[in-house]
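First up is the structure itself, then whatever we jot down about it.
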Amino acid sequence: MNNEIFLLKQGEIVLKGLNRRRFEERLMANITRRLHPYGKFRVYSRQSTVYVEPKAGVECDMEGAWEALKKVFGVVRMSRAHGCAKDPDAFFEAVKTYLDDQLRTAKSFKVESKRADKTFPMTSIELSQYVGGLINEAYPNLKVDVHNPEMTVRLEVRDFSGYVHANPDPGAGGLPVGVGGKALALLSGGIDSPVACYMMAKRGLALEMIHFFSYPYTSNEAKEKVLELAALVAPYCGRAVVHIVPFTKIQEELRRSCPEPYFTLAMRRFMMRISELVAEEIGAEGLVTGESMGQVASQTMSAMACTQAAISMPVFRPVIGMDKEEIVRIARKIGTFETSILPYEDCCTVFTPRHPKTNPKPADFADIECNYDFEGLCKEAVAGIERVVMRAKG
Ligand code: ATP
Ligand code: MG
């Protein structure tokens, strides 16, 4: 018999007043979807906690499910709770069985009980006192401290079973993916853009991704690497739909007719406009990039004003104020770093100007873009998009 359940404490969503129900439903739907590969679970919420119970008689992969739930945004704390009979002494036995290691090393504790089954013969306070007394006798190292205990032993009297659990693990934090609407993230093969995806998904945005691919200047391995990155961030973002845009013709056109100092920004204006067209098509309301202030010539304030001016949709740049080291730390945490540093070229690095224009102005592009059919080339690129849906990894 499977006698373990998970308790997931909702985060900020409890603060959201009237939207609370919508947030909670989204969180439960996201949790249910993430659990799908690991068995059949009952998912429901009570008092800002989501309960995840394996369905009776079904073999579930509890370890896999637990790991997957660590990547679900909207959960601040998570506990594994162990089942026991609904009897005061059985609660104490379960505490000794499952929490022994923690109880031996802690210095202070308290017991808190929750009673969903109102037919249970003791009140919550009586149950806490009873089990607390037994713990106090069994572990001489522990003192009761109701204000600031090192360890809080929690007892739950639910309809079909009792449960014990203690200090929870941190959850992924953030807001449930989807509550903030949808955005389109520009995913390159670098370190920054997967981190940007993670950060915006954390604030509740559902994401699709777009990648600009310049075959044969960039190789199929470079494309595979980007798809791999999409699969790695998918557990956080929910899905990994990647729009692969054929970008070769535009780059060749630019090489022919764009003054070299403006080359990168002219190319990035194409990227923004094409992304905006795709975003409109898929119902996304903003774009996301991995730009960081001053990181390269195309990421100065004036350069970003030029790329933003090509479109009217907002561009979100969650790593804008972060140092590379800080971005790398997150990339390692979410498991994208090792893939990001694989040595494949990106279309941005293929034709890099020797002397990029310093202090460019959006107005400069009026003259440049009359050398080619900006809108026409954008539409043609959109028509050639390949849409790939990746399976989430991890
Ligand atoms: P990353 O930021 O992912 O490490 P990078 O540092 O090489 O890549 P740039 O090439 O300056 O950054 O690009 C800045 C941002 O533009 C990227 O973070 C990404 O959002 C977007 N971008 C760059 N190249 C591409 C591409 N080929 N396809 C899609 N988006 C791209
Ligand atoms: Mg970058």
Side-chain angles (χ1 to χ4, degrees), residues 183-201 207-215 217-230 232-233 237 240-248 250-251 254 263-279 284 286-300 303-304 306-308 310-311 313 315-320 322-332 334 336-353 356 381-382 385-386 388:
L184 180 66
L186 283 77
L187 188 64
S188 67
I191 296 168
D192 307 328
S193 46
V195 171
C197 290
Y198 162 83
M199 289 177 74
M200 294 320 295
L207 300 176
E208 292 195 15
M209 289 137 196
I210 185 166
H211 176 67
F212 296 88
F213 180 53
S214 301
Y215 191 78
Y217 302 107
T218 60
S219 61
N220 273 318
E221 284 84 355
K223 175 165 125 183
E224 291 305 319
K225 171 183 168 182
V226 170
L227 292 175
E228 168 81 11
L229 287 171
L232 289 170
V233 292
C237 303
V241 179
V242 190
H243 302 264
I244 310 263
V245 183
F247 207 49
T248 314
I250 288 173
Q251 288 203 303
L254 284 174
F263 185 85
T264 307
L265 287 183
M267 181 187 74
R268 297 193 57 76
R269 283 170 60 92
F270 270 108
M271 287 186 176
M272 298 314 257
R273 179 64 186 133
I274 292 166
S275 301
E276 186 179 52
L277 289 170
V278 173
L287 304 180
V288 175
T289 73
E291 289 165 305
S292 159
M293 185 63 74
Q295 192 185 76
V296 286
S298 59
Q299 293 173 30
T300 62
M304 285 187 283
C306 293
T307 49
Q308 174 73 72
I311 59 170
M313 205 170 253
V315 181
F316 300 108
R317 304 175 177 90
V319 305
I320 192 73
M322 294 172 76
D323 295 347
K324 197 73 183 186
E325 257 181 55
E326 296 172 290
I327 301 172
V328 165
R329 204 173 308 136
I330 299 178
R332 285 189 192 279
I334 65 175
T336 52
F337 182 74
E338 296 301 328
T339 303
S340 288
I341 58 172
L342 293 174
Y344 298 116
E345 67 294 338
D346 180 67
C347 67
C348 284
T349 52
V350 178
F351 310 109
T352 311
V382 170
I385 283 177
E386 176 196 0
V388 182

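Predicted model only: the values in this text are computed from it and were never measured. For ligands, and for the atoms within them, numbers begin at 1 and follow the listed sequence. One is the number of the first residue; the rest follow in order along the sequence.
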Using a 4.0 Å cutoff against the non-hydrogen atoms of [X], which atoms of ligand 1 qualify?
X	answer
Gly290	2 (O), 17 (C), 18 (O), 20 (O)
Gln295	6 (O)
Gln299	9 (P), 11 (O), 12 (O), 13 (O), 14 (C)
Thr289	20 (O)
Ile210	29 (C)
Met271	24 (N), 25 (C), 26 (C)

Given [options], identify the one with the heavy atom nearest to [atom].
atom	options	answer
atom 16 (O) of ligand 1	Lys223, Met272, Arg268, His211	Arg268
atom 6 (O) of ligand 1	Ile191, Leu186, Asp192	Asp192
atom 25 (C) of ligand 1	Ala185, Gly189, Ser188	Ser188

* Asked: At what distance, to the nearest 0.5 angstrom, does CG of Leu277 lie from NE2 of His243?
  ->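 Separation between the atoms: 12.5 Å.
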
Checking the side chain of [X] only, and the main-chain atoms of [Y] only, is there a donor and an acceptor separated by less than 3.5 Å?
X	Y	result
Glu228	Lys223	no
Thr339	Leu229	no
Ser298	Leu265	no
Thr218	Phe213	no

* **ligand 1 to Lys324 polar contact by distance, N or O atoms, under 3.5 Å** =>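 N/O-N/O distance below 3.5 Å does not exist for this pair.
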
* Could you tell me whether some N/O pair between Phe212 and ligand 1 is separated by less than 3.5 angstrom? =>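 Checking ligand 1 against Phe212, an N or O pair does fall under 3.5 Å apart.
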
If we only count heavy atoms from C-beta on, is the [X] to [Y] side-chain gap below 4.5 Å?
X	Y	value
Phe212	Ile274	yes
Phe247	Tyr217	no
Met304	Met293	yes

* To do: Specify side chain, backbone, both or neither for Leu187, according to which of its non-hydrogen atoms lie closer than 4.0 Å to ligand 1.
  =>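 Leu187 to ligand 1: backbone contact only, side chain stays beyond 4.0 Å.
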
